[in-house]
Amino acid sequence: MPGTTHLRNGGDRIALALLAHGVRCIFTLCGGHISPILAASRALGIRIVDVRDEATAVFAADATARLSGIPGVAAVTAGPGITNTITALKNAQLAQSPVILIGGAAPTALQGRGALQDIDQRPLVAPHVKLFCKVQRVRDLGPAVHEAFAVASAGVPGPVFIECPVDLLYDEASIRQWYAEAAGKGTSIADRLLRLYLNRHVRKMFERSGDEAAPPVQPVVPQRAARARLQAALGALSRAERPLLVIGSQALVMAPEAARLSAAVTGLGIPVYLSGMARGLLGRDHPLQLRHQRRNALREADCVLLAGVPCDFRLDYGKHVRRNATLIAANRSARDARLNRRPDIAAIGDAGLFLQALAEARATAGAASPRWPAWLAQLRARDIERETEIDAQAQAPGDRVNPIALLRAVEQVAGNDALFVADGGDFVATASYVLHPRAPLSWLDPGAFGTLGVGAGFALGAALARPAGEVWIVFGDGASGYGLVEFDTFVRHGITVIAIVGNDAGWTQIAREQVKMLHDDVATVLARTAYDEVAAGFGAEGILVRTQAEVPAALARARDLARCGRPVLVNVWLDKTEFREGSLSM
Ligand SMILES: Cc1ncc(C[n+]2csc(CCOP(=O)(O)OP(=O)(O)O)c2C)c(N)n1
Ligand SMILES: [Mg+2]
């Protein structure tokens with residue numbers, strides 16, 4: 001929107017500012033407090049996707065942010081609309097995902113006076129966001145959006161909340177009239193004082209809110225690690241005999257850099273494990289990528305480069321890396337870089353850019369990349385050994401469907417443009433070994449918060465961020481329950497997803513250890529519920545699979561239906577397996 005624009009109301013101001021940042025889609029569940037934002041955004045051509053639970057709106061915004069690198073936007077109504085987002089907001093915060101949540105609020109003059117859905121939202125939301133922005137004047141609405149975008153993406157990305165009281169969102173004449181009616185026509189001194197007070201209040205709200213020029217959008221410049229750290233890391237790697245690279249989600253926060261990052265990692269020639277959003281970075285199969293026995297590899301490596309990976313529970317708080325290995329931590333967060341274990345080299349800045357700079361420096365130094373053939377061969381041999389074991393487990397006989405065999409079939413059927421969303425326990429953990437994401441940014445899981453219920457929202461966001469690709473949801477039957485209602489959203493908005501529900505009639509990841517340790521399966525048992533019929537009830541396609549023999553045809557049919565624009569749920573009755581035996585979930 002160039003130059004000066006006539007702004008009818010506060011909703012227009014928000015919509016224009018969102019548009020200036022390239023927002024093409026807002027996820028929402030409606031409420032009177034936010035109607036002007038939704039109407040104005042739609043009028044400007046922003047797609048409004050209305051969902052059935054506010055958490056879904058935030059999960060979807062999170063997914064679009066992770067896949068595009070542009071903050072995702074959700075708008076929800078005051079009070080319960082906002083409280084419903086807290087889990088999703090926390091999930092985005094722990095996943096370091098730049099989500100902008102716009103929340104409604106009671107009219108400015110009525111806050112704290114018992115208005116509908118009026119609560120103090122700051123203490124609820126502030127702990128989960130980088131910035132809680134409470135807007136109190138109309139002219140601050142646009143700048144609040146600009147600030148939100150800058151803060152969400154800067155440094156360690158994360159969610160930002162903008163609170164927009166409803167009386168800032170309508171035009172001045174309507175609000176004046178509304179306040180005048182509220183003040184009444186009484187003649188007592190108290191009545192007159194109230195009118196005076198409200199008049200002044202409204203004047204302040206709308207002060208200098210005439211037409212305004214759209215402020216320029218400033219690109220967020222990522223922090224780069226210091227040159228000295230780069231040199232130190234180059235030195236350590238060139239001395240290493242068994243180097244290992246672990247790349248995590250944070251290295252991919254600059255989504256448009258993914259292809260360059262992939263080339264850099266190939267150029268470095270270091271054996272690599274990929275996790276979280278980094279899965280698929282090197283394509284389906286890459287000579288440097290290992291998938292299994294990461295713990296053993298970390299114990300053996302003499303130099304470990306953690307790119308966007310903190311030493312949290314996933315690395316046993318740093319204990320997986322051997323004591324005398326040289327540890328290099330590249331991370332946007334100084335805290336994450338040092339979490340539980342002080343690295344020998346802390347490269348504070350964008351981890352993806354750091355890897356690119358490392359690869360460039362090695363290339364310009366003309367260093368014939370010292371590859372590590374014997375070390376790589378050792379790791380590869382173990383990888384193949386584990387694959388063979390998995391093959392054997394995929395053959396285990398049973399009455400229903402073997403989960404590994406099912407996921408191997410999905411791996412065969414899914415297209416090259418497939419994106420996988422993971423939401424569940426054991427079934428999904430199995431999928432993370434069996435499915436090979438095809439390309440950078442084609443795998444979505446909740447991240448460090450381990451939140452069940454992300455699936456439908458993530459898939460919605462992914463389908464909108466990648467309209468040309470296939471979106472598969474790998475659901476545990478337990479996890480699927482949180483988001484099944486969104487099949488209604490998929491149908492209404494023509495979102496094609498293929499959901500595979502691993503139906504083992506239970507919360508198996510929990511049951512496994514609980515039964516072993518406490519001899520009680522209390523609260524972990526579910527039924528073989530007809531999730532396919534639930535999806536069909538919402539107007540989507542439902543397919544039931546009870547035996548292994550039915551799998552290939554069912555998956556092919558699901559894919560065909562999705563290609564014709566139909567959302568599909570395939571409900572697969574699983575056998576129990578030993579695959580996840582021994583893995584704890586605490
Ligand atoms: C919101 C939330 N509630 C509870 C949990 C605890 N939890 C972790 S895994 C799991 C079981 C998941 O069951 P299901 O989705 O059916 O997958 P399965 O393990 O059976 O394959 C549970 C309940 C969680 N991670 N998140
Ligand atoms: Mg289950």
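Note that the structure is a prediction, hence the values are computed from the model and not measured.
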*Fit a plane to each ring of H146 and H21, take the angle between them on a 0 to 90° scale, and name the class: parallel (under 30°), tilted (30 to 60°) or perpendicular (over 60°).*
tilted

*For side chain to side chain contact (heavy atoms under 4.5 Å, CB included), just list the numbers for L230 and F354, CA-CA rounded to whole Å, side-chain angles, deciding distance to a tenth of an Å, and then say yes or no.*
CA-CA 8 Å; L230 188 73; F354 183 73; 3.7 Å; yes

_Minimum heavy-atom distance between A325 and R341, given as atom pair plus value_ = O-NH2, 4.2 Å

*To the nearest 0.5 Å, what is the distance between CZ (R314) and NE2 (H320)?*
12.5 Å

*Heavy atoms only: give me the nearest R438-A414 pair and the separation to one decimal.*
NH2-O, 3.1 Å

*asked:* Is the shortest side-chain heavy-atom distance between R332 and V253 below 4.5 Å?
replied: yes

*To the nearest 0.5 Å, tell me how far L89 CG sits from L94 CG.*
11.0 Å

*Roughly how far, to the nearest 0.5 Å, is CG of L444 from CE of M277?*
4.5 Å

_Nearest 0.5 Å, please: how far is CZ in F420 from CD1 in I473?_
12.5 Å

*Just checking, any donor-acceptor pair under 3.5 angstrom between side chains of D336 and Q96?*
yes

*Are D445 and V428 side-chain neighbours, meaning at least one heavy-atom pair lies under 4.5 Å?*
no

*Should the heavy atoms of other residues, nucleotides or ligands under 6.0 Å from CZ of R284 be counted, would the total exceed 12?*
yes

*Looking only at heavy atoms, which two atoms of T451 and D423 are closest? And how far apart?*
O-OD1, 4.1 Å

*Flag yes if more than 12 heavy atoms outside R242 fall under 6.0 Å of its CZ atom; otherwise flag no.*
yes

*Evaluate the criterion side chain to side chain contact (heavy atoms under 4.5 Å, CB included) for residue pair L407 and V474; output intermediate values, then yes/no.*
CA-CA 9 Å; L407 290 161; V474 182; 4.2 Å; yes

*asked:* Can you give me the closest heavy-atom contact between I348 and A334, atom names plus distance?
replied: CD1-CA, 3.7 Å

*Any chance CZ of R299 has more than 12 other-residue heavy atoms, nucleotides or ligands included, within less than 6.0 Å?*
yes

*Would you check if there is a donor-acceptor pair between the side chains of D62 and S97 at a distance under 3.5 Å?*
yes

*asked:* Between F149 and V73, is there a side-chain heavy-atom distance shorter than 4.5 Å?
replied: yes

*Neighbour count >12 (heavy atoms, 6.0 Å) for atom CD, E389*: yes

*Would you give the length of the straight line joining atom OG1 of T430 to atom CD1 of I390, rounded to the nearest 0.5 angstrom?*
9.0 Å

*Answer yes or no: is there an ion pair linking R380 with D383, defined by an N-O contact shorter than 4.0 Å?*
yes

_Nearest-0.5 Å distance that lies between atom CG in L460 and atom CZ in F59_ = 12.5 Å

*In sequence, state the C-alpha distance, the side-chain angles, and the governing distance for L555 and I500, and then conclude on side chain to side chain contact (heavy atoms under 4.5 Å, CB included).*
CA-CA 9 Å; L555 293 182; I500 307 290; 3.6 Å; yes

*asked:* Under a 3.5 Å threshold, yes or no: a donor from one side chain and an acceptor from the other, between Q378 and E300?
replied: yes

*Could you tell me whether the side chain of W375 reaches within less than 4.5 Å of the side chain of E241, counting heavy atoms only?*
no

_Heavy-atom pair of closest approach, residues A154 and K130_ = O-NZ, 2.6 Å

*Nearest heavy-atom pair of P98 and A65: which atoms, and what distance?*
O-CB, 3.4 Å

*Go through the steps for T489 and I495 under the test side chain to side chain contact (heavy atoms under 4.5 Å, CB included), then give the verdict.*
CA-CA 8 Å; T489 307; I495 303 292; 5.7 Å; no

*Determine, for E411 against R408, whether the closest basic-nitrogen to carboxylate-oxygen distance falls under 4.0 angstrom.*
no

*Flag yes if more than 12 heavy atoms outside R559 fall under 6.0 Å of its CZ atom; otherwise flag no.*
yes

_Could you tell me if the side chain of I328 sits less than 4.5 Å from the side chain of C303, heavy atoms only?_
yes

